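First the structure, in the form of structure tokens, and then the observations on it.
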Amino acid sequence: MTDCLFCRIVERQSPAEITYEDDAVLAFKDIYPKAPVHHLIVPKRHIASLLEASEDDAVVLGRCVLAARRLAEGTDYAHKGFRLGVNTGPEGGQVVYHVHFHFTAGRRPRTDA
Ligand code: 5GP
Ligand code: ZN
């Protein structure tokens, strides 16, 4: 069994409330939401952080960004808007070392981030 939490969620070895899935990407609700709507969007393939990403990862990272549009589609956030953020490395606030995009919505974003 992998010791990467998000790989375990992708492999259904750990529970999560899944909100979007395609062949390359999974999204699920953040267990400790920091906004009224807070999903995490991850590539199914393990990439530890943006600092480890290579040219070969460009397509799957782009697919994660497009998954955000899919999450918003059909909801108020398709016109109200949402925020997408990637914490990277220790000073970037990254805690889980499997690249993830924070999709947050439902309140005004902080202006410093
Ligand atoms: P980071 O700080 O690495 O950018 O964000 C990690 C995020 O993962 C945090 O927002 C945290 O609440 C979330 N998280 C940590 N453990 C779990 C878990 O077991 N399940 C889910 N769904 N989210 C988690
Ligand atoms: Zn992983």
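Quantities reported herein were computed from a predicted structural model and do not represent experimental measurements. Note that these values count all heavy atoms, side chains included, but never hydrogens, waters or copies made by symmetry. Start at 1 and go down the list; that is how both ligands and their atoms are numbered.
Looking only at atom types and distance, the side chain of Y20 has a donor-acceptor partner in the side chain of D22 under 3.5 Å away.
Close approach to L40 involves these atoms of ligand 1, each under 4.0 Å from a residue heavy atom: 8 (O), 13 (C), 23 (N). Counting atoms of ligand 1 from 1 in the listed order, those under 4.0 Å from a heavy atom of K34 are 9 (C), 10 (O), 11 (C), 12 (O). Within the listing of ligand 1, atoms 1 (P), 2 (O), 4 (O) sit less than 4.0 angstrom from a heavy atom of N87. Proximity to L5 (heavy-atom distance under 4.0 Å) selects the following atoms of ligand 1: 16 (N), 17 (C), 18 (C), 19 (O). For ligand 1 and F6, the ligand atoms under 4.0 Å from any heavy atom of the residue are 8 (O). When each atom of ligand 1 is checked for a heavy atom of V95 under 4.0 Å away, the hits are 1 (P), 2 (O), 3 (O).
Residue, atom and distance of the protein heavy atom nearest to atom 11 (C) of ligand 1 are D30 OD1, 3.4 Å. Of the protein's heavy atoms, I31 CG2, 3.4 Å lies nearest to atom 24 (C) of ligand 1. Annotation: atom 5 (O) of ligand 1 to nearest protein heavy atom, H100 NE2, 3.0 Å.
There is a path of hydrophobic side-chain contacts, each under 4.5 Å, that joins L50 to V60. L5 and I18 fall within the same hydrophobic cluster, where Ile, Leu, Val, Met, Phe, Trp and Tyr residues are linked whenever their side-chain heavy atoms come under 4.5 Å apart, directly or through other members.
The nearest pair of heavy atoms linking Q94 to A48 is NE2-O, 3.0 Å. The shortest heavy-atom contact between V25 and A67 is CG1-CB, 3.8 Å. Shortest non-hydrogen contact noted between D57 and A53 is OD2-CA, 3.4 Å.
When atom types are taken as modelled, the side chain of H98 and the backbone of P43 share a donor-acceptor pair closer than 3.5 angstrom. The backbone N or O of T2 lies less than 3.5 Å from a partner atom in the side chain of R8, making a donor-acceptor pair. For the pair E52 (side chain) and V99 (backbone), a donor-acceptor distance under 3.5 Å is absent.
At a heavy-atom cutoff of 4.0 Å, ligand 1 is contacted by no atom of F101, backbone or side chain.
Residue contacts with ligand 1 include G93, since one of its heavy atoms falls under 4.0 Å from the ligand.
Enclosure of atom CD in E17 is not indicated, since only 12 or fewer non-hydrogen atoms of other residues, nucleotides or ligands lie within 6.0 angstrom.
Under the 30°/60° scheme for interplanar angles, the aromatic rings of H38 and H102 are found to be tilted.
At under 3.5 Å, not a single nitrogen or oxygen of F28, backbone or side chain, sits near a nitrogen or oxygen of ligand 1.
With distances taken over non-hydrogen atoms, the option nearest atom 22 (N) of ligand 1 out of K29, H98, Q94 is K29.
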> Step by step, would you call F82 with F103 a ring-ring contact (aromatic ring centres under 6.0 Å, His included)?
Replying inline: CA-CA 7 Å; F82 57 83; F103 175 108; 4.6 Å; yes
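Among protein atoms, those of element N, O or S found less than 2.8 Å away from the Zn ion (ligand 2) are C4 SG, C7 SG, H46 ND1, H98 ND1.
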